[in-house]
Amino acid sequence: MLPNRDFPGAIHSLLTAYRQQAAPSPAVEDSPEPSPALAALLDGLGELAGPLAPGAPHTLVFAGLERHDGQAPYAFVVAAEDLAAALHTVRSMPSWQQWAAGQRPMGAPEGSTPDVLFDRPNSHPGVPRQGTYTDLRGEQAAGRLPAQQPELRPEPGTEFPYALSDYGQAAAEALGPEWESEAGYLGASCLIELPGGPLLHLRLDSCGDLLIGPAGGEDEDGHDIELSGVPKTPEQLATAGEQIAAVIRQHWK
């Protein structure tokens with residue numbers, strides 16, 4: 001299958017914007033100048049069909065919200081001397097920024113960080129040999145570049161500074177000195193135990209909710225834990241530990 005160079009939905013979006021802008025003010029037949037709405041439509045179509053920016057094409061692949069549903073990521077093509085320059089360029093393109101701005105979870109506040117990951121292993125020089133991609137070289141040639149680039153994913157360790165095993169250790173400390181905790185692989189879970197008592201497993205269930213339940217039980221066995229927020233300081237981590245400990249006391253102590 002030959003690749004599709006057209007930005008998915010680009011023409012539809014241009015026509016929709018034209019209808020919305022032109023509908024309130026009908027065109028004047030004797031006017032020698034096109035309406036602003038028509039001019040914007042023609043400019044947009046011209047970018048899609050116009051000349052491409054010179055230079056070597058590079059494909060940049062990004063995964064947005066669709067990855068949570070098992071869908072394929074998006075590919076964008078710009079002209080640049082190497083992959084690093086291409087990444088800098090694509091993040092400055094208005095169409096890419098518009099796409100990224102739409103990659104926020106439902107209900108996320110305006111201005112929050114888009115849920116976008118750069119797929120470096122699948123990004124490469126050249127254009128894709130198959131599938132759909134967004135060719136931004138026409139927009140790049142038109143020189144429509146904003147002054148500021150958006151911030152994407154936060155630096156590692158800033159959004160979630162504590163591992164789940166830290167939560168478990170804080171819970172064991174809140175329960176008392178006789179309680180013990182053991183971190184799971186990569187700190188993604190934690191075993192909490194009172195010697196002579198039940199062995200409990202702190203983990204995330206299949207829906208991504210925090211769960212505490214008997215170790216070795218079914219994936220969904222246990223009780224949900226509602227934290228007051230993501231702990232980012234030692235004090236907040238201790239509070240999270242107290243909230244987990246409260247659930248343990250209610251059901252196993």
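- Hydrophobic clustering, with ILVMFWY side chains joined whenever heavy atoms are under 4.5 angstrom apart, keeps Ile212 apart from Leu191.
- Residues Trp99 and Val61 fall into different hydrophobic clusters, defined by Ile, Leu, Val, Met, Phe, Trp and Tyr side chains chained together at heavy-atom separations under 4.5 Å.
- Between the side chain of Thr59 and the backbone N or O of Val77, no donor-acceptor pair lies under 3.5 Å.
- Residues Ile225 and Leu175 are members of one and the same hydrophobic cluster, defined by side-chain heavy-atom contacts under 4.5 angstrom among Ile, Leu, Val, Met, Phe, Trp and Tyr.
- Side-chain contact between Ile244 and Leu227 is present, with at least one heavy-atom pair separated by less than 4.5 Å.
- Other residues, nucleotides and ligands place no more than 12 heavy atoms under 6.0 Å from the CD atom of Glu81.
- Heavy atoms only, all atoms of each residue included: Pro231 and Ala240 are closest at CG-CB, 4.3 Å.
- The heavy-atom pair separating Gly241 from Ala174 by the smallest distance is O-CB, 4.0 Å.
- Rounding to the nearest 0.5 Å gives a distance of 4.5 Å between CG of Leu211 and CZ of Arg203.
- Around CZ of Arg120, the count of heavy atoms belonging to other residues, nucleotides or ligands within 6.0 Å does not exceed 12.
- Side-chain contact between Leu136 and Thr89: absent, with no pair of heavy atoms (C-beta onward) separated by less than 4.5 Å.
- Of the inter-residue distances, the one linking Ser165 atom OG with Glu182 atom CD reads 10.5 Å to the nearest 0.5 angstrom.
- Between Glu139 and Trp96, the closest side-chain pair of non-hydrogen atoms is not below 4.5 Å.
- In this structure, Arg137 CZ and His58 NE2 are separated by 11.0 Å, a value rounded to the nearest 0.5 Å.
- Residues Asp209 and Leu204 form no side-chain contact, since every pair of their non-hydrogen atoms from C-beta on lies 4.5 Å or further apart.
- Side chain of Glu180 to main chain of Ile192: no donor-acceptor pair is present (N/O by atom type, distance under 3.5 Å, no hydrogens or angles).
- Two residues are said to be in side-chain contact when any heavy atoms from C-beta on lie closer than 4.5 Å; Met93 and Gln140 meet this criterion.
- The shortest non-hydrogen separation linking Pro128 to Ala75 is CG-CB, 4.5 Å.
- The shortest side-chain heavy-atom distance between Phe62 and Leu87 falls under the 4.5 Å cut-off.
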- May I have the step-by-step check of side chain to side chain contact (heavy atoms under 4.5 Å, CB included) for Leu210 and Gln243, ending in yes or no? CA-CA 12 Å; Leu210 187 59; Gln243 293 169 337; over 6 Å; no

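- For the pair Arg67 (side chain) and Gly64 (backbone), a donor-acceptor distance under 3.5 Å is present.
- Within the 3.5 Å criterion, the main-chain N or O of Glu66 finds no donor-acceptor partner in the side chain of Asp69.
- His251 meets the side chain to side chain contact (heavy atoms under 4.5 Å, CB included) test with His223, Val247; sequence neighbours excluded.
- Here the straight-line distance linking atom CG of Leu237 with atom NZ of Lys232 works out to 13.5 Å at 0.5 Å rounding.
- Grouping the Ile, Leu, Val, Met, Phe, Trp and Tyr side chains by contacts below 4.5 angstrom, directly or via other members, places Leu194 with Trp252.
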- Task: Show the numbers, then the answer: is there a side chain to side chain contact (heavy atoms under 4.5 Å, CB included) between Thr239 and Ser228?
- Result: CA-CA 8 Å; Thr239 299; Ser228 55; 4.3 Å; yes

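- Heavy atoms only, all atoms of each residue included: Pro73 and Ala63 are closest at CB-CA, 4.0 Å.
- Between Leu200 atom CG and Trp179 atom CH2 the span is 5.5 Å, to the nearest 0.5 Å.
- In this structure, the separation between OG on Ser181 and OH on Tyr167 is 14.5 Å, given to the nearest 0.5 Å.
- Linking Ile, Leu, Val, Met, Phe, Trp and Tyr residues whenever their side-chain heavy atoms come within less than 4.5 Å places Tyr162 and Leu164 in a single cluster.
- Counting heavy atoms from C-beta outward, Leu83 and Leu60 have side chains that approach closer than 4.5 Å.
- Looking at Asp115 and His68, their side chains come closer than 4.5 Å, going by heavy atoms from C-beta outward.
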